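Fair warning: this is a prediction, and the values are worked out from it, not measured in the lab. Sequence lines set the chain letters: A, B, ... in the order given, protein chains first and strands last, and positions in each chain run from 1.
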Amino acid sequence: MAIEVRDVNKNFGKTPVLKDITVDVPSGSLTALLGPSGGGKSTLLRVIAGLENPDTGTVVISGVDATRLSPQRRNVGFVFQHYAAFKHLSVFRNVAFGLEVRKQPKDKIRARVMELLELVHLQDFAERYPGQLSGGQRQRMALARALAVEPQVLLLDEPFGALDAQVRKELRSWLRRLHDEVHVTTVFVTHDQEEAIEVADRIVLLADGKVVQTGSPHEIYDHPANEFVMSFLGPVTRIDGHLVRPHDIEVSLDPSPGATEAIVSRVVRLGFEVRVELTIGEQEAFAQLTRAHADQLGLAPGTAVHVRPAAGAKALPVPA
Amino acid sequence: MAKYALRAVALGYLMFLLVIPTGLIFWKTFSAGIGPFFEALTSPSALHAFQVTLIVAVWAVVLNTIFGVGTALLLVRRQFPGKRVLNLLVDLPVAVSPVVVGLALILVYGAFSPAGAALAKVGIQIIFSLPGMVLATVFVSLPLVVRAIAPVLEELGTDQEQAALTLGANPIQTFVRITLPGIRWALGYGIVLCLARSLGEYGAVAVVSGRIVDQTQTLTLFVEERFTNFEEGQAYAASVALALIAVVSLLLTKLLRPKEDR
């Protein structure tokens with residue numbers, strides 16, 4: 001294991017932020033700490049980096065108990081949401097910082113920094129200052145800076161949170177490719193379930209200061225531990241006392257075994273898919289259909305239909 | 001019309017308050033040419049006063065810079081009991097009259113106080129000598145550096161410092177390489193302000209120094225002493241020197257101020 005967190009508790013004043021957190025991060029993995037805002041995921045990351053001290057519990061990094069080590073001696077790379085670029089230093093000097101404080105020889109620093117700038121596609125920007133870079137470029141610089149000291153683990157705190165949607169998508173897949181190239185154990189914090197599923201190979205779901213579920217994106221998506229996990233990872237709707245993904249709902253005009261009767265209240269076309277809003281008795285629900293399927297059924301407000309969860313779909317029973 | 005009236009009032013106000021008095025001093029000083037001006041400033045007493053002023057001001061600036069950076073870091077970066085009290089105390093010198101400061105220092109360090117007597121025994125004289133004058137000057141210019149850099153430290157945040165720590169920098173390296181460059185303009189501004197205040201200080205220094213000519217006489221004390229002894233030429237010349245120093249520091253602060261947001 002690259003990181004072993006054991007029974008960590010942390011309070012801010014009287015507010016508990018982390019409650020008995022135990023997490024293992026396997027070497028070489030790309031792990032997402034996923035959860036709603038205020039769930040404690042950033043605090044957990046900062047505890048691993050040594051930027052916060054846990055009240056109780058231990059943090060072991062690469063087999064060494066790091067609980068009482070200062071951040072400077074943990075050899076972790078940390079990337080901040082708002083880049084934390086050294087504004088008075090050029091891109092080159094930013095990336096070189098960790099090597100300079102380690103008193104490495106100049107020519108060695110130069111070679112390493114240029115190699116990293118190439119890795120993050122900033123080789124032409126070495127002499128610029130952070131103020132002259134876009135948000136995405138600054139974050140890539142911050143990543144190169146963190147990687148320069150060859151950290152045992154790389155920690156990213158909402159790394160794409162401050163970027164606009166387009167850049168965020170680009171950087172996501174770029175981070176995935178980078179990890180496949182560099183293989184450093186990486187943990188990143190996100191509140192975006194899509195980001196976690198797309199980028200990570202393991203997800204630790206945190207809510208309210210506790211670990212709710214751990215597993216691969218597939219496991220968590222297909223076998224959510226509870227109602228909360230299921231609704232956090234994607235859209236859900238209720239039919240027949242069950243929580244179901246709206247794309248797992250079969251809609252037909254004829255009655256079929258196990259199906260419930262429903263009335264179409266609205267049909268919303270969202271590009272290639274169609275969202276069909278339904279009224280089942282007193283309750284509201286909705287289903288996602290392909291456009292072709294919806295056209296074929298000829299759905300319109302007022303149409304009476306029969307709905308049921310598709311065979312093999314995940315359906316969590318919920319109290320009414 | 002109202003616009004012009006307002007301008008006239010403002011200009012007239014500044015004229016009578018600032019421009020005419022300062023102008024008159026310059027005029028009086030240079031009415032006999034530049035020769036007497038230099039002569040007045042290069043007299044032994046004047047040179048000595050310059051020297052004393054400089055020594056006191058440099059000490060005050062050095063002490064206030066170290067103390068100011070430390071206090072600002074403490075006030076902005078740390079939480080501790082008594083923080084609000086410290087915050088208030090820092091501003092106290094602005095509110096207290098310099099004369100009171102001088103008297104207070106005499107009460108603590110004067111020959112008739114226990115502390116003063118004890119120090120005198122080991123041969124250290126605070127009052128009526130340079131240490132007391134440095135203390136008085138430090139006191140009156142104490143808030144300037146703190147108040148110049150505290151807001152900039154606040155705005156700078158801790159992200160860059162934390163990033164430096166995770167990259168393996170120790171706290172001293174972090175301070176020198178990251179924090180200090182981040183506040184350098186504000187610090188420069190604070191230092192210039194502190195220097196200007198220290199050079200121009202009169203009240204507290206007047207009380208503490210004992211005004212001994214050629215010993216504890218600063219430039220401001222020199223001006224006052226020459227003026228009351230009807231040696232107006234020398235008084236005006238020294239005033240002009242002080243005014244010029246003030247103008248230079250003002251220009252320096254103007255140069256330092258706008259770059260702060262970078």
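The part of A/Ala146 that comes within reach of chain B is its backbone (N, CA, C, O), which places non-hydrogen atoms under 4.5 angstrom from that chain. Contacts of A/Arg73 with chain B are absent, with no heavy-atom separation under 4.5 Å from either backbone or side chain. The contact between B/Arg184 and chain A is made entirely by side chain atoms (from C-beta outward), counting heavy-atom distances below 4.5 Å. Both the backbone and the side chain of A/Glu100 come within less than 4.5 Å of a heavy atom of chain B. Within the 4.5 angstrom heavy-atom criterion, no atom of A/Ala142 approaches chain B. Looking at A/Phe97, the atoms closer than 4.5 Å to chain B (heavy atoms on both sides) all sit in the side chain, from C-beta outward. Only the side chain of B/Gln173 comes within less than 4.5 Å of a heavy atom in chain A; its backbone stays farther off.
The minimum heavy-atom distance between A/Arg110 and A/Phe92, with the atom names listed, is NH1-CZ, 3.5 Å. A pairwise comparison of heavy atoms in B/Pro143 and B/Val94 identifies CG-CG2, 3.6 Å as the closest pair.
For A/Glu181 and A/Arg177, the salt-bridge test fails: no basic side-chain N is under 4.0 Å from an acidic carboxylate O.
Classified by interplanar angle (parallel below 30°, tilted 30° to 60°, perpendicular above 60°), the ring pair A/His183/A/His179 is perpendicular.
If you check the side chains of A/Thr190 and A/Asp192, you find no donor sitting under 3.5 Å from an acceptor. Remark: the B/Thr179 side chain and the B/Glu161 side chain contain an N/O donor-acceptor pair separated by less than 3.5 Å.
Within residues 163-171 of chain B, the residues having any heavy atom closer than 4.5 Å to a heavy atom of chain A are B/Ala163, B/Ala164, B/Leu165, B/Thr166, B/Leu167, B/Gly168, B/Ala169, B/Asn170, B/Pro171, listed by residue number.
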Contacts under 3.5 angstrom, residues 48-60 of chain A side chains, donor-acceptor by atom type, not counting sequence neighbours:
unit_1, atom_1, unit_2, atom_2, d
A/Glu52, OE2, A/Arg46, NE, 3.4
A/Asp55, OD2, A/Asn11, N, 2.7
A/Thr56, OG1, A/Asn9, ND2, 3.2

For residues 113-127 of chain A, run the donor-acceptor check on the side chains, cut-off 3.5 Å, and write out each pair with its distance to 0.1 Å, sequence neighbours left out.
unit_1, atom_1, unit_2, atom_2, d
A/Glu115, OE2, A/Arg112, NH1, 3.3

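With sequence neighbours left out, B/Arg84 forms a side chain to side chain contact (heavy atoms under 4.5 Å, CB included) with no residue at all.
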